[in-house]
Structure formats: C-alpha cells, structure tokens
Amino acid sequence: MAMAPTIKVVLGSIAFGVFWVLAVFPAVPFMPIGRTAGSLLGAMLMVLFQVLTPDQAYESIDLPILGLLFGTMVVSVYLERADMFKYLGKLLSWKSQGPKDLLCRICLISAISSAFFTNDTSCVVLTEFVLKIARQQNLPPHPFLLALASSANIGSAATPIGNPQNLVIAIESKIPFGKFLFGIVAAMLVGICVNAVILLCMFWKVLSVQKDEEEPPMEVTPEEDVNSHRFSPATMSHLTPENPHDLNAYHEAMDSYSLPAKWKLILWKIGVYVITVGMLVSFLAELNMSWTAITAAMALVVLDFKDARPCLEKVYLYSNTCILEVAYQSWSQTVFVE
C-alpha cells in the first residue's frame with residue numbers, strides 16, 4: 001500500500017469532511033439540509049473531485065449489506081408493534097430486588113435485545129421504560145441510561161445483525177451467523193459482567209437508597225403512557241387517536257373489542273414472533289443472511305395486510321448507509337492505493 005497523490009488526499013478529505021459535518025450536525029446553520037442530503041452531497045463531491053470514477057462509486061455500494069440491514073430493521077419495527085419491547089420492559093421490574101438489581105437487569109436485557117434486534121432499536125425503545133421506572137421509584141435516571149447504552153453496544157457485538165459494523169465484517173469475511181455468535185458470545189458475557197461491576201462501583205451510593213417496606217413493587221407505567229412513541233398494530237390502527245388526550249377513550253374502545261378481533265390481534269403477534277424466530281433459525285442454518293432478512297421483512301408486511309408505508313418510513317434513514325459506504329470507502333482510497 002502506498003499513499004495516494006496529495007491533491008487526491010486533500011480533495012477526498014474535504015469531501016469526507018463535508019459529509020461528516022452534515023451527518024453529525026444535520027442542522028448546521030450554513031447548510032441545514034439534513035443527513036440524507038448531506039450524505040448524497042459527500043458522495044457527489046467524491047465523484048466530482050475525481051476521487052472515484054462513477055463506476056467505482058457504484059461498486060463501493062454493497063447490496064448484500066444494505067439488504068440485510070434493511071430487512072432486520074423492518075423486522076425490528078414489527079417486533080416493536082407486536083409489543084416485544086413492552087414485554088422486555090416489564091421484565092425490568094418483575095420481582096425486582098431494588099436499584100442494584102434493576103441496573104443488572106438493564107445490562108443483561110439491553111445486551112440480549114441489541115444482539116438480536118440491533119442496538120439502535122433497543123436503546124430507542126427501552127429508554128422509555130427505563131425513564132418511567134426511574135421516575136416511579138424516585139431514582140436518578142443516569143446510572144440506568146448509562147447501563148442501557150453501554151450494554152447495548154457490548155451486546156450488539158455478539159451477532160452480525162447487532163450493528164451495521166458487524167454486518168460488514170460478517171458478509172465481507174463470509175463468517176456464518178452461528179460461528180460468529182458462538183465465537184464472540186463468551187467475550188460479550190464477560191463484557192456485560194465487567195460493565196455492570198464498573199457501573200455498580202461508580203453509583204453504589206446512589207443506588208443504596210433504602211425504600212420503605214410498604215412501598216409497592218416496581219411496575220412499568222401502563223401501556224397507554226408509552227403508546228404515543230410507537231405504531232399500533234394494523235388491526236387497531238383505525239382506533240388510534242390523533243390527540244394524546246383521547247387515549248382514555250381509545251383504550252375504552254379497545255376494551256370493547258369483540259372476542260374475534262382480540263384473537264386476531266393475538267394471532268398477528270404470534271405470527272410476528274414465529275417469523276422472527278424463523279429468521280434467526282435460518283441464520284443459524286447458514287442460509288443467505290441478506291435474502292433471509294428480506295424474506296422475513298416481506299412476510300411481516302404481507303401478514304400485516306395493509307399499507308407498509310408507515311413501517312418503511314421508520315427505517316428509511318438507514319438508506320443513508322448506502323451513501324455512507326461510498327463516502328467512507330472513497331476517502332480511504334484517497335489515502336492509500338494499491
């Protein structure tokens with residue numbers, strides 16, 4: 001490997017710098033165009049400055065990675081709609097033995113969920129439950145939020161679908177899902193334990209506040225309090241109130257649902273879970289991960305049996321990864337050449 005020509009390094013670094021600024025600060029005053037347009041601008045500058053030819057730019061887009069990322073994010077959205085993360089949130093407070101026990105549970109649950117449902121989704125969804133539990137118990141939220149964020153990053157390293165970086169590693173190296181998982185899971189578990197010990201040592205005094213014996217056990221805030229941050233299942237979408245103050249009326253209508261409609265909802269949730277488990281089993285069976293994820297995503301779309309646009313709108317930002325790969329690989333090629 002040798003250094004590329006100086007002019008190419010300079011121009012490529014400028015293009016990558018423009019992209020990086022707009023990706024990290026999407027609302028900068030001098031160019032508030034957002035991350036998506038900023039990514040496109042960075043990629044366009046790479047080609048305009050002749051850092052890469054148009055053909056090289058197209059070749060730097062890895063479609064298997066994008067397909068796997070897209071499929072897993074669609075699956076995560078449908079799992080959220082099927083209340084998977086609500087059940088995980090309830091596990092945080094089920095028979096909890098106090099703040100220290102809660103912190104350890106957050107470390108474990110966030111790590112496991114991020115390994116199979118991506119760290120971004122786990123952090124975004126579980127944060128709501130962590131904040132509500134901390135508020136109900138009059139506890140400072142920052143120890144638990146740190147546990148959530150740090151453990152999600154540690155846990156996401158265990159599988160190829162845990163984070164986008166692992167997708168690149170697994171697909172480019174052609175490491176099977178099972179081999180990747182079993183090769184890293186031990187280090188992931190050690191990392192979770194070390195992380196929990198460090199957090200307990202840092203916040204031992206804060207977490208040692210004694211509660212009154214008569215204080216009721218921790219319970220997650222009822223579902224209506226967190227309904228506004230997630231999509232409702234398709235079978236109930238026409239009842240969702242536009243005004244958050246109408247949630248009581250909404251849930252009264254929910255209670256009046258006929259028995260067949262309730263069973264329809266239950267069967268829909270079971271279908272989502274079965275398809276998700278099938279996707280993970282297919283990964284372990286070493287089937288093509290990209291097409292397996294896309295197949296699972298489309299199966300969920302068909303099962304939902306309605307316009308998938310709201311679901312797809314929730315994952316469209318991940319299309320930025322396509323442009324990110326162009327920008328990053330272009331910049332790396334400005335520094336080193338064969």
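Positions are given from 1 along the sequence.
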Measure across [X] and [Y] and return the closest heavy-atom pair with its distance rounded to 0.1 Å.
| X | Y | result |
| --- | --- | --- |
| Phe129 | Val125 | CD1-O, 3.5 Å |
| Phe19 | Gly42 | CB-CA, 3.9 Å |
| Thr292 | Ser282 | CG2-CB, 3.5 Å |

Rounded to the nearest 0.5 Å, how far apart are [atom1] of [X] and [atom2] of [Y]?
| X | Y | atom1 | atom2 | answer |
| --- | --- | --- | --- | --- |
| Leu139 | Ile133 | CG | CD1 | 10.0 Å |
| Ile106 | Leu91 | CD1 | CG | 12.0 Å |
| Leu92 | Leu102 | CG | CG | 6.5 Å |

Could you list the donor-acceptor pairs under 3.5 angstrom formed between side-chain atoms of residues 172-186 and any protein atom two or more places apart in sequence or on another chain?
from: Ser173; atom 1: OG; to: Ile169; atom 2: O; distance (Å): 2.4

Please set out all donor-acceptor pairs under 3.5 angstrom arising from side-chain atoms of residues 22-32, sequence neighbours excluded.
none

Judged by atom type as modelled, is there a donor-acceptor pair below 3.5 Å linking the side chain of [X] to the main-chain atoms of [Y]?
| X | Y | answer |
| --- | --- | --- |
| Asn166 | Ala157 | yes |
| Thr159 | Ala115 | yes |
| Tyr273 | Ala82 | yes |
| Asp83 | Lys86 | no |
| Ser114 | Ala111 | yes |
| Asn119 | Ala152 | no |
| Asp304 | Lys306 | no |

>> If the condition is ring pair (Phe, Tyr, Trp, His ring centres under 6.0 Å), which residues does Phe144 pass it with, not counting sequence neighbours?
In response: none
Check whether any side-chain heavy atom of [X] sits under 4.5 Å from a side-chain heavy atom of [Y], and report yes or no.
| X | Y | result |
| --- | --- | --- |
| Val272 | Leu303 | yes |
| Val77 | Leu312 | no |
| Phe85 | Leu88 | yes |
| Thr276 | Phe116 | no |
| Cys104 | Leu200 | yes |
| Phe70 | Val74 | yes |

Applying side-chain contact (heavy atoms from CB on, under 4.5 Å), name anything that partners [X], two or more places apart in sequence or on another chain.
| X | answer |
| --- | --- |
| Asp101 | Ser96, Gln97, Arg105 |
| Ala293 | Leu68, Thr72, Met279, Phe283 |
| Val194 | Val190, Ile198 |
| Leu146 | Leu199, Phe203 |

> How would you list all residue pairs meeting side-chain hydrogen bond (donor to acceptor under 3.5 Å, both in side chains) that involve residues 15-34, not counting sequence neighbours?
Replying inline: none
For [X], what residues pass the side chain to side chain donor-acceptor pair (under 3.5 Å) criterion, not counting sequence neighbours?
| X | result |
| --- | --- |
| Ser156 | Asn163 |
| Ser150 | Asn195 |
| Ser122 | Ser113 |

> For residues 150-176, which residue pairs qualify under ring-ring contact (aromatic ring centres under 6.0 Å, His included), counting only residues two or more places apart or in two chains?
Replying inline: none
